[in-house]
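Here the structure is laid out as structure tokens; the discussion comes afterwards.
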Amino acid sequence: MLAGCNQTSRMHTGSIGPSSASTPVAPHGEKALADMSADELAGAVRAYGARYEGNPKDRDTGLAYASALQMTGRNDQSLAVMRQMAIAHPEDRDVLGAYGKALAAAGDLPKALETVRRAQRPDRPDWRLLSAEGAILDQLGEATQARALYEKALVIQPNEPSVLSNLGMSYLLANDLAKAETYLSRAVALPGADPRVRQNLALVIGLQGRFSEAEKTASAVLSPEEARANVAYLKQMLSQMNTWSELAAEDRG
């Protein structure tokens, strides 16, 4: 929703990755994908693509490559990689979870939901899968079920920023901006919060008309130029929305 934010996904946050962290992390201790600039992401895609070509069944490489592809908007290619990973590792919960995320990013929400649920184990539930299932349900318009899953995830992993962020975005989808801001503010204040969480918070603040505060919030993870561009785009978008609302009211009159 924010101009200049190239890390787009149909999932609210990167809550599924090859590790238990909320942000997809590259293998071998490399920089987290969510922390990379556009140029760094392009480089990561090339590097992981070369590794994947050399060993297309390697789990960590496949997960990182698919995540990098998603972060650059190449969702169909990411899905193709994860489909191969799921064939090579049919019982791996992380792989199945990431496959579900790739399906959701590519727009196949029903199959994404089925895949994430298949990866879950009722006897040992994974909070990341609960959060991912909730994000998919939110996109299917099942907000009540989604929020119940986020709460279950928070019981297992209290104060997890990615889950709090998903909960905040759930309220944003319902246009409850005050509650969205509450949860996103909590998430941002916690260690390990994904930079995209702060961008989501900036969006919610900006949607409430507090543009200077939104720009300051976004500046913590974006360059000043990108933060200003985002706020300018948001102002333009809201202005256009108001114009269309006025025209619709005139038509009704």
Side-chain angles (χ1 to χ4, degrees), residues 1-2 5 7-25 33-34 63 66-67 69-71 73 75 78-79 82 86 93-121 125-177 179-184 186-188 190 192-201 203-204:
M1 287 194 225
L2 288 177
C5 177
Q7 299 171 2
T8 56
S9 171
R10 290 176 185 266
M11 304 295 284
H12 299 164
T13 66
S15 55
I16 296 180
S19 72
S20 60
S22 61
T23 304
V25 178
L33 295 172
L63 287 168
S67 291
L69 288 167
Q70 278 185 42
M71 300 283 274
N75 294 326
S78 173
L79 177 57
M82 284 314 308
R93 295 175 78 188
D94 283 345
V95 168
L96 289 175
Y99 182 33
K101 180 181 176 182
L103 285 162
D108 193 345
L109 296 176
K111 190 170 182 180
L113 187 62
E114 175 191 342
T115 301
V116 168
R117 284 175 170 170
R118 183 159 57 93
Q120 188 63 275
R121 282 179 51 185
D126 186 321
W127 65 267
R128 292 170 297 157
L129 293 173
L130 290 170
S131 186
E133 183 181 348
I136 296 166
L137 287 170
D138 256 330
Q139 294 171 78
L140 290 169
E142 302 291 344
T144 301
Q145 291 183 51
R147 291 170 197 167
L149 289 170
Y150 299 142
E151 295 294 348
K152 286 183 179 179
L154 287 170
V155 170
I156 298 170
Q157 190 78 3
N159 293 319
E160 167 55 42
S162 68
V163 181
L164 289 170
S165 177
N166 277 357
L167 195 48
M169 295 303 285
S170 179
Y171 283 106
L172 171 59
L173 290 173
N175 204 32
D176 189 339
L177 299 180
K179 277 192 176 179
E181 183 179 351
T182 296
Y183 284 108
L184 288 165
R186 281 179 58 190
V188 163
L190 291 166
D194 190 310
R196 291 168 293 178
V197 177
R198 184 171 289 276
Q199 293 183 46
N200 289 338
L201 175 60
L203 171 63
V204 169

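- Between L164 and E160, the closest side-chain pair of non-hydrogen atoms is not below 4.5 Å.
- Rounding to the nearest 0.5 angstrom, the gap separating the CG atom in D176 from the OG1 atom in T182 is 8.5 Å.
- With sequence neighbours left out, the side chain to side chain donor-acceptor pair (under 3.5 Å) criterion links E114 to no other residue.
- Considering every non-hydrogen atom in both A187 and P161, the closest pair reads CB-O, 3.4 Å.
- In plain terms, the two heavy atoms of D94 and L63 that are nearest each other are O-CD2, 4.2 Å.
- Taking 4.5 Å as the limit, every side-chain heavy atom of D126 sits out of range of all side-chain heavy atoms of I156.
- Taking 4.5 Å as the limit, every side-chain heavy atom of M169 sits out of range of all side-chain heavy atoms of Y183.
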>> L137 vs L113, test: side-chain contact (heavy atoms from CB on, under 4.5 Å). Steps then yes/no.
In response: CA-CA 8 Å; L137 287 170; L113 187 62; 4.0 Å; yes
>> Test side-chain contact (heavy atoms from CB on, under 4.5 Å) on Y171 and R147; report intermediate values, then the result.
In response: CA-CA 9 Å; Y171 283 106; R147 291 170 197 167; 3.3 Å; yes
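- To the nearest 0.5 Å, the span separating CD on Q145 from OG on S170 amounts to 11.5 Å.
- Across all their heavy atoms, P125 and L130 have their closest contact at CB-CD1, 4.4 Å.
- The shortest side-chain heavy-atom distance between K179 and L172 does not fall under the 4.5 Å cut-off.
- Taking CG of L103 as the start and OG1 of T115 as the end, the distance is 5.0 Å to the nearest 0.5 Å.
- Under 3.5 Å, the side chains of D138 and Y150 contain a donor-acceptor pair of N or O atoms.
- The minimum heavy-atom distance linking N75 with A105 is given by the pair ND2-O, 3.3 Å.
- Residues passing the salt bridge (Lys or Arg N to Asp or Glu O under 4.0 Å) test with R117 are E133, sequence neighbours excluded.
- To the nearest 0.5 Å, atom NZ of residue K101 and atom CD of residue Q70 are 5.0 Å apart.
- Closest approach of A106 and L79 over heavy atoms only: CB-CD2, 3.8 Å.
- Looking at heavy atoms from C-beta onward, N200 lies out of side-chain contact with V204 at the 4.5 angstrom threshold.
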>> Before you tell me yes or no, could you show the steps for I136 and E142 under side-chain contact (heavy atoms from CB on, under 4.5 Å), namely the whole-Å CA-CA distance, both residues' side-chain angles and the distance that decides it to 0.1 Å?
In response: CA-CA 9 Å; I136 296 166; E142 302 291 344; over 6 Å; no
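- Geometrically, R118 does not engage Y99 in a cation-pi contact, judged by NZ or CZ lying under 6.0 Å from the ring centre and within 45° of the ring axis.
- A donor and an acceptor atom, one from each side chain of Q120 and R93, are located under 3.5 Å apart.
- In this structure, the side chain of S78 engages the main chain of A66 through a donor-acceptor pair within 3.5 Å.
- S131 approaches A153 most closely through the heavy-atom pair N-CB, 4.4 Å.
- No side-chain donor-acceptor contact under 3.5 Å links N166 to the backbone of A135.
- The side chain to side chain donor-acceptor pair (under 3.5 Å) check on E151 picks up nothing, with sequence neighbours excluded.
- The shortest distance between side-chain heavy atoms of L184 and S165 falls below 4.5 Å.
- Residue-environment remark: CZ (R186) stays at or below the threshold of 12 foreign heavy atoms within 6.0 Å.
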